[in-house]
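For this chain, numbers begin at 1 and follow the sequence in order. Side-chain atoms are counted along with the backbone in the values below, which use heavy atoms only and exclude waters and symmetry mates.
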Amino acid sequence: MIRFLSLALLAAALPLAASAQPAPRAMPGVPARIAALAGRLDLAPDQRARLDAVAARYAGQTDAAALWAASADLQSVLTPEQTAALAARRTERRAAPRDGARRARPERRAARPERRARPGAQRDPATAERRAAVQTIRTEFAPRAEALRTSLRAGQLTPAQFAEQSRALRAEAMQRLDATRTPEQRQRAEQMRARRDAAKAARVRALSLTAEQQRALDGLAAERLAERARTAPVRTAPDRGAARPDAAQRQQRGDAMRAERDAMRTRAAAILTPQQAATESIHAALAHSGRPDGAARRGARGAGRRGRN
């Protein structure tokens, strides 16, 4: 799914020097995820043996491509009832109220170490120069991204055209941003892009998507991107210092985005066969198995935020 260009530029803002980067969280391997998933299901003895065999095939693997391949293997092991139970649990989790979720966990805030200043990060002339270059690029591209959204709102672009032009603009911006990075940072960015592309290709293989299905799913992705762009606030330049929406506004926007996402999921499910939908449900369950409650995802978001400050 293509994101808004302004968000992509924020996400790609210059990271700090490698010595100041937070240590990456260790992600559970595929076997650990399968074991955690098995613990939530009522499995027959032969199913347990077959799940163990699948887990053994992916020993030591943690990448997203392996997770998709394992999901396809598990689809032939689990019964339709078991897969439906996983999908129902996922639906319940998405529907759970989220208002005040962070405030409801004061112990996590108490356990969080105080944020410390990064020694030398702001005094490094090279770092300051790269940050200034990133800000210049963001200031240049934000109006161009907003111009695309304006054309979309005016009906001058179809969702597919908007998605294609946003993708091209984002690629241009990312190329410019890559030029501001150190060789090590460029290497990390290339590795992340390679992992993302490998995961996308693995999903297509795992689901055995046809060309027609892929076109239909791409059309839905373009529609969702366009809908988010139509309702996004107008921004012609980075406005980091602007006042944030209040809690009620954030809650309202979050509810609307979740409703839109659920509607798109329903439409996407109609494109898939029952076997493909089962594989997707298993993959979603595996992606949330074998790790602390949301810790890995929050850690990844936190690392991104720290890199943008």
### Query
Within the side chain of R181, is there an N or O that forms a donor-acceptor pair under 3.5 Å with the backbone of R186?
no

### Basic-acidic side-chain contact under 4.0 Å: E260, R228
no

### Minimum side-chain heavy-atom gap S281-Q75 below 4.5 Å
no

### Message
Heavy-atom count check: over 12 atoms from other residues, nucleotides or ligands less than 6.0 Å from D42 CG?
### Response
no

### Query
Does any non-hydrogen side-chain atom of I34 lie less than 4.5 Å from one of D52?
no

### Query
Is a side-chain donor-acceptor pair under 3.5 Å present for R138 with Q135?
yes

### Within-4.5 Å side-chain heavy-atom neighbours: Q185 and T182
yes

#### Entry: Ionic contact status for D73 with R50, cut-off 4.0 Å
no

### Backbone N/O of R153 and side chain of R230: donor-acceptor pair under 3.5 Å
no

### Task
Determine, stepwise, if the pair R167 / E164 fulfils salt bridge (Lys or Arg N to Asp or Glu O under 4.0 Å).
CA-CA 5 Å; R167 186 185 296 113; E164 181 180 0; over 6 Å; no

### Task
May I have all residue pairs that pass salt bridge (charged side-chain N to carboxylate O under 4.0 Å, His left out) and include part of residues 213-223, sequence neighbours excluded?
E223-R267

### Query
Taking all non-hydrogen atoms of both residues, which atom of V30 and which atom of A70 are closest, and how far apart?
CG1-CB, 3.7 Å

### Query
Would you say the side-chain atoms of T180 pair up with the backbone N or O of R176, donor to acceptor, closer than 3.5 Å?
no

### Message
Please give me the minimum heavy-atom distance between R40 and S289, naming the atom from each residue.
### Response
NH1-OG, 3.1 Å

### Student check: side-chain heavy atoms of T279 and L272 closer than 4.5 Å
no

#### Entry: Side chains of L67 and T62 in contact at under 4.5 Å (non-hydrogen atoms)
no

### Message
Looking only at the side chains, is there a donor atom on one of Q213 and Q276 sitting less than 3.5 Å from an acceptor on the other?
### Response
yes

#### Entry: Contact list for residues 67-91, test ring-ring contact (aromatic ring centres under 6.0 Å, His included), sequence neighbours left out
W68-H283

### Partner set under side-chain contact (heavy atoms from CB on, under 4.5 Å) for S208, not counting sequence neighbours
none

### Task
Answer yes or no: is there a side-chain heavy-atom contact under 4.5 Å between V54 and R57?
yes

### Task
Run the salt-bridge test on E146 and R149 with the 4.0 Å N-O cut-off and return the result as yes or no.
yes

### Query
Sub-3.5 Å donor-acceptor pair from the side chain of Q61 to the main-chain atoms of Y58, do we have one?
no

#### Entry: CD1-CD distance between I137 and Q175, expressed to the nearest 0.5 angstrom
10.5 Å

### Query
Is there a donor-acceptor pair closer than 3.5 Å between any side-chain N or O of Q47 and the backbone N or O of A44?
yes

### Query
Are the side chain of R195 and the backbone N or O of D63 linked by a donor-acceptor pair below 3.5 Å?
no

### Task
May I ask you to test the L78-L86 pair for a side-chain heavy-atom distance under 4.5 Å?
yes

### Message
Tell me whether Q191 at atom CD has more than 12 heavy atoms from other residues, nucleotides or ligands lying less than 6.0 Å away.
### Response
yes

### Query
Would a distance-only check, ignoring hydrogens and angles, find a side-chain to backbone donor-acceptor pair under 3.5 Å from Q82 to T79?
yes

### Gap separating the CG atom of L157 from the CG atom of L148, nearest 0.5 angstrom
6.5 Å

### Message
Nearest 0.5 angstrom please: L209 CG to Q214 CD, how far?
### Response
5.5 Å

